Amino acid sequence: MSLDDPVHPLAAVTHAAPHDYYRRLAEGPPLRFDARLDCWLATGTAGVQAVLAHADCRVRPLGMAVPENLAGTSCGAIFAELVRMNDGVRHTQPKQMLASALGQVDLARVHQSTLQIACDHIPLSAARLNDAMFELPLFAMADLLGFAPTQWPQLAAWTRDFVACLSPLSNSAQLAGAQLAAASLLQRFKFLLREPVPDSLLANLIGLLSQTCEATAGLVGNAVLALRTQAGLQAQLRSDPGLWPAMLREVSRHDPAIHNTRRYTACAVEIGGVALPPGQMILVLLASAGHDASVHAEPGDFVLQRPVSPMLTYGHGRHACPGQQLAQTMAAACLQAWADALAGMPLGWRYQPSLNARIPVFMEGATA
């Protein structure tokens, strides 16, 4: 390990340059025990795929479908219905319906509508960029769901408040705000649909907004960093706008928005020759798969026209994100609309405190 390495995998999320660290993790055994975090790690393409595909590696610990601090609350009721946060038979049909609906979205239309929205909301300062990274993808999703433009800002504000309930770093005031936001979002969706619908549908519509929020903000923000740090990248994209989708794919591999996720063993399992007891937590290092040299040549380099490979930062198997193409389409449209305005803006950055999401926070008048 280098002296400049993160102290552990959770610290890698907000480390300035964790890429070599992830590459070295990917070179080791696919499953290993981390004494500092007191848990098992799944690393590299083989480890990440094995755990995410294993039927007995669940999203939630046994007997705890909802985090303890959300039990009995409106946020907890929504959490219990989210197909991405639950396993089991009763979540199968909503999951299939959601995947089917997202699979039928006209991505070309989404690109054009998001491009127009982004052109109408070009951030001209670091402070405005920090907000726009969250707001614009949410505006685009709200538009897709059928909300009127006058409703978008309030929906975005409620969603940003709601996602606080999903973070273990949130304080009591943020959790209280999340409860109010959850109730407001439920009410707004009921009014939009204008007829009684199952709670599971309402919850997963809110889930679409919450998934769009931090993950797409991180994708947009890390793409802004790529434009500023990768020599010649802006010129390539200006001369050939058709390269924007490839650019967003490479950002998702090289500097992804979501670095890790967790799984819990439902029974005794064996993965990669390692026997794990029931109830064992596994930290799945999604970002290490993107820096696996056995799959990606020179993984530390940003290669615009890299061969297409599995995008494990969006998950794998039964919990693979069905909105991957939608998120990348929205992000590409935002960046296309903003690239020229941001090119000359002096920006510094740090990262928002988080245990799994890598989201830049930009500052004016500084360089990194």
Side-chain angles (χ1 to χ4, degrees), residues 45 99 101-119 121-123 129 132-134 136-141 143-144 208 211-258 286-287 289-292 295-316 320-343 358-360:
T45 301
L102 290 174
Q104 295 176 45
V105 170
D106 184 342
L107 293 176
R109 177 192 172 279
V110 169
H111 181 271
Q112 286 303 314
S113 61
T114 306
L115 190 64
Q116 183 59 59
I117 295 169
C119 285
H121 297 82
I122 293 176
L129 175 59
M133 292 189 320
F134 289 89
L136 265 293
L138 287 170
F139 288 1
M141 180 61 78
D143 179 52
L144 183 62
L208 278 179
Q211 279 184 272
T212 300
C213 187
E214 290 194 334
T216 313
L219 177 59
V220 171
N222 293 329
V224 171
L225 294 188
L227 290 172
R228 301 187 76 84
T229 59
Q230 302 298 326
L233 179 58
Q234 182 117 4
Q236 283 182 278
L237 293 164
R238 188 176 289 114
S239 64
D240 185 0
L243 293 174
W244 278 103
M247 185 268 198
L248 268 296
R249 283 196 304 272
E250 182 66 349
V251 169
S252 295
R253 181 203 67 81
H254 182 264
D255 202 23
I258 304 300
L286 304 170
H291 287 273
D292 187 336
V295 176
H296 310 282
E298 301 296 333
D301 294 344
F302 191 98
V303 179
L304 187 57
Q305 292 176 295
R306 188 179 286 274
V308 176
S309 57
M311 195 73 71
L312 295 183
T313 52
Y314 285 90
H316 174 71
C321 175
Q324 173 182 338
Q325 288 185 298
L326 185 59
Q328 295 212 322
T329 297
M330 291 174 174
C334 288
L335 269 295
Q336 279 184 265
W338 298 347
D340 288 342
L342 296 177
R358 186 172 177 84
I359 305 175

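Here the structure is a predicted model, which means the values were calculated and not measured.
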Next on the checklist: Please enumerate all residues that pass salt bridge (charged side-chain N to carboxylate O under 4.0 Å, His left out) together with Asp292, with sequence neighbours excluded.
Outcome noted: none
Checklist outcome for this item: Residues Ala257 and Ala215: closest non-hydrogen pair is CB-O, 3.2 Å
Checklist entry - What are the two closest non-hydrogen atoms of Gly242 and Pro245, and how far apart are they? => result O-CD, 3.4 Å
Checklist entry - Which salt bridge (charged side-chain N to carboxylate O under 4.0 Å, His left out) pairs, counting each pair once, include a residue from residues 295-314, with sequence neighbours left out? => result Glu250-Arg306
Checklist entry - Within a strict 4.5 Å, meaning less than it, do heavy atoms of the His296 and Val303 side chains meet? => result no
Checklist entry - Do you know which two heavy atoms are closest between Thr45 and Val295, and how far apart they sit? => result OG1-CG2, 3.4 Å
Item to check | Closest contact, heavy atoms only, Gln328 versus Leu248 | outcome: NE2-O, 3.4 Å
Checklist entry - Is the CD atom of Gln325 crowded by more than 12 outside heavy atoms at less than 6.0 Å? => result no
Item to check | Interatomic distance, Gln211 atom CD to Ile258 atom CD1 [nearest 0.5 angstrom] | outcome: 9.5 Å
Next on the checklist: I want to check something: taking the side chain as every heavy atom from C-beta on, are His111 and Leu107 in contact at a cut-off of under 4.5 Å?
Outcome noted: no
Checklist entry - Under the ring pair (Phe, Tyr, Trp, His ring centres under 6.0 Å) rule, what pairs show up with a residue in residues 227-254, not counting sequence neighbours? => result His19-His254, His254-His291, His254-Phe302
Checklist entry - Would a 4.5 Å heavy-atom cut-off, applied to side chains only, mark Thr329 and Val105 as touching? => result no
Checklist entry - Counting distance only, does the side-chain N/O of Asp255 pair as donor-acceptor with the main-chain N or O of Asn222 below 3.5 Å? => result no
Item to check | CG on Leu237 to CD on Gln230, rounded to 0.5 Å | outcome: 11.5 Å
Checklist entry - Side chain of Thr216, backbone of Cys213: donor and acceptor closer than 3.5 Å? => result no
Checklist entry - With Ile122, which residues qualify under side chain to side chain contact (heavy atoms under 4.5 Å, CB included), at least two apart? => result Leu124, Trp338, Ala341
Checklist entry - Between Gln336 and Leu115, is there a donor-acceptor pair closer than 3.5 Å when you use the side chain of the first and the backbone of the second? => result no
Checklist entry - Do the non-hydrogen side-chain atoms of Pro299 and Arg253 ever get within less than 4.5 Å of each other? => result yes
Checklist outcome for this item: Ala289 and Leu312 have their tightest heavy-atom pair at CB-CD1, 3.6 Å
Checklist outcome for this item: d(Met330 CE, Leu335 CG) to nearest 0.5 Å is 14.0 Å
Checklist entry - Is it true that a side-chain atom of Thr212 and a backbone atom of Pro137 form a donor plus acceptor pair closer than 3.5 Å? => result no
Checklist entry - Are Ile359 and Met133 close enough that some pair of their side-chain heavy atoms sits under 4.5 Å apart? => result yes
Checklist entry - Does the side chain of Leu227 reach to within under 4.5 Å of the side chain of Leu233, using non-hydrogen atoms? => result yes
Item to check | Sub-4.5 Å side-chain heavy-atom contact between Leu326 and Leu144 | outcome: yes
Item to check | Set of salt bridge (charged side-chain N to carboxylate O under 4.0 Å, His left out) partners for Arg238, sequence neighbours left out | outcome: Asp340
Checklist entry - Within a strict 4.5 Å, meaning less than it, do heavy atoms of the Ile117 and Leu136 side chains meet? => result yes
Checklist entry - Closest approach of Arg358 and Pro256, non-hydrogen atoms and distance? => result CB-O, 3.6 Å
Item to check | Results of ring pair (Phe, Tyr, Trp, His ring centres under 6.0 Å) for Phe139 - residues two or more places apart only | outcome: His121, Trp152
